[in-house]
Engineer: 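Can you keep this structure in mind? I'll have questions shortly.
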Amino acid sequence: MTDLLKATELPPAFDPASVEAGLYNWWDSQGYFAPIDDPEAEPFVIIMPPPNVTGELHVGHALFVALQDLMIRWRRMQGYSALWLPGADHAGIAGQWVVEKILATEGLTRHDLGRERFAQRVWEYMDPMRWRIREQMMILGASCDWSRLAFTMDPQPSRAVRKVFKHLYDKGLIYRGSRLISWCPRCMTALSDLEVVHKDVPGHLWQLAYPVAGDPDREIIVATTRPETMLGDTAVAVHPGDARYSDLIGKQVRLPITNRLIPIVADDAVDMAFGTGAVKVTPAHDPNDFEIGRRNNLPAINIMNPNGTINAEGGPFEGMTVPAARDAVVNRLQQDGFIRGITEHSHPVGHCDRCGTVVEPLISEQWFVKMDDLAAPAIAAAKDGSLTFVPDRFKGVYLNWMENIHDWCISRQLWWGHRIPVWYCQDCGKLTVSEEETVDACSYCGGPVIQDEDVLDTWFSSGLWPFSTLGWPDQTEDLERYYPSDVMETGYEILFFWVARMVFFGLEMMGELPFHTVYLHGTVRDAVGAKMSKTKGNVLDPTELTATYGADALRYALLTQSGPGQDSKLHVGQIEAARNFINKVWNATRFATRIFDETPVELDADGPISPDSDALVDRWIVSRTNAVIAETNDLLEKFAFLEAGRGLRDFIWSELCDWYIEAAKVRLRGTEVERRQVAQTLAWVLERSLRLLHPMMPFASEAMWQAIPHSGESVMVARWPRPAERDLEAERDWDRIMELVTRVRNIRSESNVEPGRWITAAVYAPDGRTASVEAARRELASLARIADDQLTISGGDPVAEQGDVVVAAGDLVAVLPLSGLVDLAAERERLSKELEEAVAERGRAEAQLGNESFIARAPDKVVQVQRDRLAGALERIALLERRLTEVGG
RNA sequence: GGGCGAUUAGCUCAGCUGGUCAGAGCGCCACGUUUACACCGUGGAAGUCAGAGGUUCGAACCCUCUAUCGCCCACCA
């Protein structure tokens, strides 16, 4: 490893391919990814949201890797026993769907293969995908513990599924029953509410006339968006208080086409104001109607086959698809004269989340989880603050869902997933529920049994993930040590699907929240803000991006792109900018290595020892480094990763590179002692900076860290920096120098002084402060391109000739004899402009200070700021006015 | 029908509990090769903080309303 990156061997430009190659495997081989095996160390645990084993990773995955790996690496460096537990999900419907599509290309359906062989095919497809996912995560630098890689279909998590099922069944929280559920005719399975997405689609509202039985003069008009369901109508409902229909309640109507007699019932759910105030009731195919039917003891007639076509109950329409049946029914009603009106009407229609097919509500025998008892503690946890959300607003979203939760339909008519652990006795008919994988005999009578055909919703097993991955139901050491986890980091789009379910399962099964913090990231969109999708072809492939720019650049770009819960638009330009930043640090490191090659750096067990240089610029950068260490840590504690990343870039680029290194070049030309001071300071600052950077850009930071003086084997396991006291005096003094340099450069540029020309300057500081300027004399001269022997520093009032340019920076004034270089008229203009600004400034400060309420109510600190402003403005005005007269303005 | 988010420089976004003249990156303009870096340096231009009211000594930030875009939830047939 260390041979790979000798100090002098850093290539001139950061090349991700050569930097990242091998590094990951080296880390892995050193055992760094496993949590440290020290019972004294506090654990820090993140359970990785298991990617579906159905496809390649996309940038969304890269985002979660960046976020979770950042937290893990940071905590690991802090000395926590950091466990990041990776996994993969079998993806239920989605998984089955993918394989069915492949079969279709061979002209086969799963039925051609039969259940066993089909499941085998899915396994064959899924198994290699797990390793592909792992490989892609490795490319991204994910420092998770691969020895604990879990898969939802593995034996242990599968046993956990059965155990939980049995527990809930025994407790009466899982039940089987005929309920109105959402059915996907394409997938031919029941769905949970969450798997149904509602979209507004344009349609019609038909008004149908149902003749009142025994009264040829009367008919009742009902409104419907789904006329074909009239084949299954078993009543007409009106509001009990609706005077228009009160005399008809209890009578019957003759249903057109089928000629069945159905009752007119009264029900509060009917809205008198909508349509005609009378509603047809189809309990088997509408959630509302199902409830009305239940309240009024109405029969339910199922008119649909599992594939969505009309069944024998539909008489002449049998075998038609829903749209076809709708047209046919409307035609027939039209012919028979039962249509009383058609209006345009757009309404929400449920679609299968997975395949997009229109979902049919129908009555079916399914397994459900009773939610009320499970939701209550999950609600309490969020309310009492033991469960927190980042960003906080998702707490409300979570609570709103939990508080309005419906029972969860968990059975799926699929062949891929966890079989429902229920066996039906052929003899006594009783159910055996077991956590064993196979059951041979009825637990009541010993008779032969048949297992339930259905499988569980994939989210059922996902919901157990925080403990099923740790060995539960066995009381393993892992479970003891690492449950509960700390942070659940995932996308907000699966807050209900997954996060909410982990919460109530964790509370129910473990008696403890599975995590204390939920961090939700947003969706990574394309450059114009569209959601990435394969069909749109706007998907950015992380492997391609990492090949070009490196994993570090991709990660840094994603981290600094947007905050929690906020969607982001990813441009290649952002990744380029991140790469450029890495390149900048890279080159600063290269520069530094040259110095370290010549000048030794003192090390102790914690790397370069803290420099004790008395040079102003050294004191300044050390103080700034301490400030950044403190800030970065605070921001990470607050999950403000974006701000932390930007803060580090600003510090390294603007302060370390642009100022410190440039200033340090002066003293590198100086004495041996000075060179040592610079080397020690630079080594310390850079080494600490790379540690801070490491959680965000693991590969490049490691490569650079290896190339500079350090202690220990890897930056990955170096101690997270702790801030020391700041040197505010040095910070203030050097700030003034920087400002003066900038002002002089500005004059030079505006006056078209050749960039290479060394000029003369007299710098005036307030009496008593000349020493602090003197302390940075050579840096000041060099950075502002003032000839060292032509620079005078003194106290007292500035003295200037007519052709001189005078610039002020805070309480420092520089007089630059640029006669011949500066056009007097231009100089007058510049001075007038500055004077104007200074006068405006004075005006603002005076206005503030003249306001009695401000003086009375604003904090002293704020008032003092205004006083200082005013004083500064007055000084500048005096100086500028004097200069203006001197230059004849 | 409820709820949430966004609206700040040409573009992408910061701006923590209200307190100097609003910040960064990219882009733009001018100049530039000096012990690392042109994936760079130096200097610069660029914003009615969506709009309208209000609270306050003071508002990009707090309150009310409005507009545009987006998302989530919802059984009005």
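Just so you know, these numbers use all the heavy atoms, side chains as well, and skip hydrogens, waters and symmetry mates.
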Engineer: How many Å lie between CZ on R785(A) and P on U33(B), as a whole number?
Structural biologist: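 Going from CZ in R785(A) over to P in U33(B) covers 10 Å.
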Engineer: Report the residue (R667(A) or W653(A)) whose heavy-atom-nearest nucleotide on RNA chain B is the more 5′ of the two.
Structural biologist: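 The residue whose closest nucleotide sits nearer the 5' end is R667(A).
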Engineer: Rounded to whole angstrom units, what separation is found between the CD atom of E360(A) and the P atom of C75(B)?
Structural biologist: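 E360(A) atom CD is separated from C75(B) atom P by 17 Å.
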Engineer: Is there a side-chain contact between N587(A) and the phosphate of C40(B), meaning an N or O under 4.0 Å from OP1 or OP2?
Structural biologist: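 No, N587(A) has no side-chain N/O under 4.0 Å of OP1/OP2 on C40(B).
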Engineer: What is the distance from CG of D392(A) to P of G5(B), rounded to the nearest Å?
Structural biologist: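 In whole Å, G5(B) P and D392(A) CG are 11 Å from each other.
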Engineer: Describe the nucleic acid contact of R649(A) in one word from base, sugar-phosphate, nothing, applying a heavy-atom distance below 4.0 Å.
Structural biologist: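 Since only primed, P, OP1 and OP2 atoms lie under 4.0 Å of R649(A), the category is sugar-phosphate.
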Engineer: In whole angstrom, what separates H239(A)'s NE2 from A77(B)'s P?
Structural biologist: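 For the pair H239(A) NE2 and A77(B) P, the rounded distance is 18 Å.
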Engineer: Checking all strands, does D289(A) fall into the base, sugar-phosphate, or nothing category for heavy-atom contacts under 4.0 angstrom?
Structural biologist: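 Nothing, no nucleic acid heavy atom in range.
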Engineer: A side-chain contact here means heavy atoms from C-beta on lying under 4.5 Å apart; do R867(A) and L870(A) qualify?
Structural biologist: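 No; the side chains remain at least 4.5 Å from each other.
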Engineer: Confirm from the modelled atom types if K665(A) and A36(B) form a donor-acceptor pair under 3.5 Å, side chain to base only.
Structural biologist: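 Present.
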Engineer: Have a look at R748(A) and say if it touches a base, only the backbone sugar-phosphate, or nothing, with a 4.0 Å heavy-atom cut-off.
Structural biologist: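 No contact.
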Engineer: Given Watson-Crick or G-U pairs with both distances under 3.5 Å, what dot-bracket string fits RNA chain B, with | for other-strand pairs and [ ] for crossing?
Structural biologist: ((((((((.[[[[.)...(...]]]].(((((.......))))).....[[[[[..)....]]]]])))))))....
Engineer: Using a heavy-atom cut-off of under 4.0 Å over every strand shown, decide if F581(A) touches base, sugar-phosphate, or nothing.
Structural biologist: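 If one applies the 4.0 Å heavy-atom cut-off, F581(A) turns out to touch nothing in the nucleic acid.
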Engineer: Is a donor-acceptor pair below 3.5 Å formed from side chain E841(A) to base C21(B), judging by atom type as modelled?
Structural biologist: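 Looking at the base of C21(B), it does pair with a donor or acceptor on the side chain of E841(A) (distance under 3.5 Å).
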Engineer: Would you call R844(A) and E841(A) a salt bridge, using N to O less than 4.0 angstrom?
Structural biologist: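 Judged by the 4.0 Å cut-off on N to carboxylate O distance, R844(A) and E841(A) do form a salt bridge.
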Engineer: At under 4.0 Å between heavy atoms, what does H285(A) touch on the DNA or RNA strands: base, sugar-phosphate, or nothing?
Structural biologist: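 Here H285(A) touches no strand at all.
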Engineer: If you assign each of D193(A) and S562(A) to its closest nucleotide in RNA chain B, which residue comes earlier from the 5' end?
Structural biologist: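 Looking at the nearest nucleotide for each, S562(A) comes out on the 5' side.
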Engineer: Is a salt bridge present between E672(A) and R675(A), judged by a nitrogen-to-oxygen distance below 4.0 Å?
Structural biologist: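 The answer is yes: the pair qualifies as a salt bridge.
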Engineer: From NE2 of H347(A) over to C1' of A74(B), roughly how many Å is that when rounded to an integer?
Structural biologist: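 Distance, rounded to whole Å: 15 Å.
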Engineer: What nucleic acid atoms does R869(A) come within less than 4.0 Å of, heavy atoms only: base, sugar-phosphate, or nothing?
Structural biologist: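 It contacts base atoms.
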Engineer: Are side-chain N/O atoms of S192(A) and E195(A) paired as donor and acceptor at under 3.5 Å?
Structural biologist: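 Checked: S192(A)/E195(A) side chains pair up, N/O donor to acceptor below 3.5 Å.
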Engineer: Taking only residues at least two apart or on different chains, which pairs with a member in residues 272-287 of chain A satisfy side-chain hydrogen bond (donor to acceptor under 3.5 Å, both in side chains)?
Structural biologist: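 Counting only pairs at least two positions apart or across chains, the side-chain hydrogen bond (donor to acceptor under 3.5 Å, both in side chains) contacts touching residues 272-287 of chain A are T229(A)-K280(A), D233(A)-K280(A), D233(A)-T282(A), K280(A)-T282(A), H285(A)-N302(A).
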Engineer: Enumerate the protein-to-nucleotides 9-12 of chain B contacts in which both atoms are nitrogen or oxygen and the separation is below 3.5 Å.
Structural biologist:
residue	atom	partner	partner atom	Å
U12(B)	OP1	K569(A)	NZ	3.4
U12(B)	O2'	Q561(A)	NE2	2.8
U12(B)	O2'	Q574(A)	NE2	2.7

Engineer: Describe, in one word, how the ring planes of W401(A) and F496(A) are oriented to each other, choosing from parallel (under 30°), tilted (30 to 60°) and perpendicular (over 60°).
Structural biologist: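 Answer is parallel, since the angle falls under 30°.
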Engineer: What integer distance in Å separates W586(A):CH2 from C37(B):C1'?
Structural biologist: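 About 13 Å, once rounded to whole Å.
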Engineer: Answer yes or no: is there a side-chain heavy-atom contact under 4.5 Å between V862(A) and F854(A)?
Structural biologist: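 Answer yes - side chains close enough.
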Engineer: For A858(A), report the nucleic acid contact type (base, sugar-phosphate, nothing); a contact means any heavy atom under 4.0 Å.
Structural biologist: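 The residue A858(A) makes base contact.
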Engineer: Between E674(A) and R669(A), is there a salt bridge with N-O shorter than 4.0 Å?
Structural biologist: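 No, no charged N to carboxylate O under 4.0 Å.
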Engineer: To the nearest Å, how far apart are R294(A) CZ and C75(B) C1'?
Structural biologist: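 These atoms are roughly 13 Å apart.
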Engineer: So what does R745(A) hit on the nucleic acid, given a heavy-atom distance under 4.0 Å: a base, only sugar-phosphate, or nothing?
Structural biologist: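 Counting heavy atoms under 4.0 Å across all strands, the contact made by R745(A) is with sugar-phosphate only.
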Engineer: Check this one for me: any side-chain N or O of N404(A) less than 4.0 Å away from OP1 or OP2 of A74(B)?
Structural biologist: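 So the side-chain polar atoms of N404(A) never come under 4.0 Å of the phosphate oxygens OP1 or OP2 of A74(B).
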Engineer: Roughly, in whole Å, what's the span from CG in L554(A) to P in C39(B)?
Structural biologist: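 Result: 21 Å.
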Engineer: What I want to check is whether the side chains of N746(A) and R743(A) have a donor and an acceptor closer together than 3.5 Å.
Structural biologist: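 There is no such pair between these side chains.
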Engineer: Thinking salt bridges, do E360(A) and R226(A) make one under a 4.0 Å N-O criterion?
Structural biologist: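 Yes, E360(A) and R226(A) are salt-bridged.
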Engineer: Compare side-chain N and O positions of R844(A) against OP1 and OP2 of C21(B) and report whether any pair is under 4.0 Å apart.
Structural biologist: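 Yes, R844(A) has a side-chain N/O under 4.0 Å of OP1/OP2 on C21(B).
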Engineer: So does E834(A) pair up with R830(A), basic N to acidic O under 4.0 Å?
Structural biologist: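 Between R830(A) and E834(A) there is a salt bridge, with a charged N closer than 4.0 Å to a carboxylate O.
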